[in-house]
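Naming: A, B, ... by sequence-line order, numbering from 1 per chain. As a basis for the values below, the full set of heavy atoms in this structure was taken, side chains included, without hydrogen atoms, waters or symmetry mates.
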Number of protein chains: 2
Amino acid sequence: MPTPLPQDLSTTQRRDAILEQLQRQGVVRVRDLAKHFAVSTVTVRADLAAMEEEGLLRREHGGAVRTLPGRTLLTSLSGMEERQGLNSTQKRAIAAAAARHVRPRDIILIDAGTTAVEMVPFLTEVDDITIVTNALNVAAAVGAHLRCRLILLGGTYSRTSSSTLGPQALHALSEFNISRLFLGTQAFDAASGLTDTTTEIAQMKRAMIDASREVYLLADSSKWEKAGFIKVAPLGKVHHVLSDSALPACAIRAIKEAGPRCEIV
Amino acid sequence: MPTPLPQDLSTTQRRDAILEQLQRQGVVRVRDLAKHFAVSTVTVRADLAAMEEEGLLRREHGGAVRTLPGRTLLTSLSGMEERQGLNSTQKRAIAAAAARHVRPRDIILIDAGTTAVEMVPFLTEVDDITIVTNALNVAAAVGAHLRCRLILLGGTYSRTSSSTLGPQALHALSEFNISRLFLGTQAFDAASGLTDTTTEIAQMKRAMIDASREVYLLADSSKWEKAGFIKVAPLGKVHHVLSDSALPACAIRAIKEAGPRCEIV
DNA sequence: TGCGCAAAACGAAAGCAAATGAAAGTATGC
DNA sequence: GCATACTTTCATTTGCTTTCGTTTTGCGCA
């Protein structure tokens with residue numbers, strides 16, 4: 001029974017309780033919530049509408065679902081492991097393989113994204129590295145696991161990507177001589193190369209690629225042949241693609257033809 | 001029964017009792033409190049309004065709720081929680097007073113430090129503000145509480161201050177036209193002005209002061225006549241000093257002579 | 001597949017009681 | 001006297017419900 005308190009609650013308490021339930025179960029239904037809190041469905045819908053407005057959830061017919069980027073920076077940092085759920089073992093394996101490419105005295109750039117951040121705990125062994133990033137979750141992970149030098153690119157904070165973007169970020173990036181870039185992506189295929197969701201993100205990733213001597217793409221097999229909205233770069237710009245064994249053979253062939261080495265973990 | 005004392009109490013006693021009950025239960029209701037203390041609902045509402053001003057609780061329709069313990073993950077990374085403890089009620093009151101100076105469309109710069117970060121939850125009311133900061137805990141708090149534009153200054157991450165410093169941070173700062181700066185300090189007195197612990201921090205704060213049209217110093221009374229190591233700026237560079245009522249009268253006199261207005265909360 | 005229909009969910013509007021803020025009034029104390 | 005603490009009064013707002021007409025969904029049937 002997930003029904004400990006059917007009693008009379010204030011509005012915010014009810015909304016907090018809805019959020020909590022949503023966080024636990026992933027979905028909530030208007031009908032159930034109305035019954036559970038002994039209020040009308042109209043009230044529940046108003047609650048959901050208000051919280052959708054704040055970006056805390058996404059409504060759909062019959063109820064609401066959890067928004068993927070997590071509730072806030074707070075949970076996006078703390079609830080990271082639980083959240084990224086699917087493919088998380090593959091992602092960690094890919095990240096571990098990527099970390100093995102890092103050499104002492106490297107200056108590495110780590111992109112925002114759930115895969116690349118997983119590299120951080122695997123970097124404890126490498127001496128005297130400098131990590132540059134525009135992602136706050138990467139910064140938090142570095143702060144928690146490593147003692148190395150950490151440089152943050154500034155810029156306008158984007159909640160959806162939990163990273164900084166825009167002209168300030170681009171300019172800051174231009175100052176560094178990066179030895180290796182570890183890049184994530186929303187989608188990639190042979191025809192369009194890497195694609196992503198917004199122009200700002202795409203612009204940032206392009207600048208990252210241009211600023212780096214060696215580019216590693218960390219992309220689990222689920223990203224293959226998914227079509228993103230905005231083109232980031234052709235596959236030829238990438239030097240290494242790291243993915244998992246579920247990546248089809250034809251994909252591997254297509255990638256190698258386009259240029260990058262392909263490393264399957 | 002949570003009703004040990006239905007007897008006649010002074011205002012402050014009643015308010016303390018309300019706070020205590022709030023701390024225990026998480027929520028209190030105007031109707032119940034009025035009954036419990038045998039006063040009118042108007043009086044209770046006045047109590048709650050006064051305590052909300054000081055940041056001790058958050059009002060809502062029908063009553064009030066506890067303000068979140070504000071545990072924003074990033075603070076747990078930087079060992080900030082322990083430092084937070086001391087004088088935290090004063091700090092929040094100072095922060096609440098500082099937040100009242102913010103106007104719609106302001107571009108405000110918030111310094112790293114335990115006091116200034118407390119401002120964030122009080123900024124929900126102000127429309128269309130832009131927050132610039134070099135402090136990761138401020139960024140986390142903004143992400144958790146506000147929907148406004150947030151700009152991060154990049155730079156080399158300093159673990160002790162949990163903020164970014166160095167040439168990149170200084171350069172990023174030079175791009176902005178800041179309307180108000182909310183600054184913390186390690187120590188201040190009449191002779192040396194503001195003082196701090198490292199040259200990097202001092203340099204950053206000096207640049208912040210120079211970049212801002214109006215400078216607010218948030219310093220609880222415990223900072224007065226503590227001697228910091230590095231000079232940051234004379235008191236004359238600051239326009240407003242916000243502190244608590246434990247600041248001695250001679251300090252207030254000295255501050256006013258040096259230039260700044262003095263606001264005691 | 002595609003179509004049609006009933007149940008469910010939805011948004012907008014109207015109504016109601018509780019809660020609220022502002023203003024004016026009443027004790028009590030220095 | 002003035003100040004403080006509290007109260008009553010009253011118009012307004014808030015949170016919630018009911019009602020009603022519309023849209024969406026699931027399911028049976030071809």
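- With contacts defined as side-chain heavy-atom distances shorter than 4.5 Å, the pair A/Ser162/A/Tyr157 qualifies.
- Taking the six-membered ring for Trp and thresholds of 30 and 60 degrees, B/Phe182 and B/Tyr216 have nearly parallel ring planes, at less than 30 degrees apart.
- Between the C1' atom of D/dA5 and the CZ atom of B/Phe37 lies a distance of 16 Å, rounded to the nearest Å.
- In this structure, of D/dT18, C/dC10, D/dC6, it is D/dC6 that holds the atom nearest to the side chain of B/Arg14.
- Ion pairing of B/Arg180 with B/Glu214 is absent here, as no side-chain N (NZ or NE/NH1/NH2) approaches a carboxylate O to less than 4.0 Å.
- Side-chain proximity of A/Val30 to D/dC16, C/dC10, C/dA9: nearest is C/dC10.
- If you check D/dG15, D/dC6, D/dC16 against the side chain of B/Thr11, the one that comes closest is D/dC6.
- Atom NZ of A/Lys223 is surrounded by more than 12 heavy atoms from other residues, nucleotides or ligands within 6.0 Å.
- Under the 4.0 Å criterion applied to side-chain N and carboxylate O atoms, A/Glu257 and A/Arg253 are not assigned as salt-bridge partners.
- One atom, CZ of A/Arg45, and another, P of C/dG11, lie 6 Å apart when rounded to the nearest Å.
- The residue B/Val39 sits close only to the backbone: its heavy atoms come under 4.0 Å of sugar-phosphate atoms, none of a base.
- Counting only heavy atoms from C-beta on, A/Thr43 has its side chain closest to D/dC16 among D/dC16, C/dT20, D/dC6.
- Taking atom CZ of residue B/Arg31 and atom P of nucleotide C/dA18, one finds them 8 Å apart after rounding to whole Å.
- Distance, B/Leu33 CG to D/dC6 P: 14 Å, rounded to whole Å.
- Rounded to whole Å, atom C1' of D/dT4 lies 14 Å from atom CG of B/Asp47.
- Residue B/Lys35 contributes atom NZ, which lies 16 Å from atom P of D/dT7 at whole-angstrom precision.
- Along DNA chain D, the nucleotide nearest A/Val44 and the nucleotide nearest A/His61 are compared for position; the residue whose nucleotide lies closer to the 5' end is A/Val44.
- Counting to the nearest Å, the P atom of C/dA7 and the CZ atom of A/Arg29 are 17 Å from each other.
- One atom, CD of A/Glu60, and another, C1' of C/dG11, lie 18 Å apart when rounded to the nearest Å.
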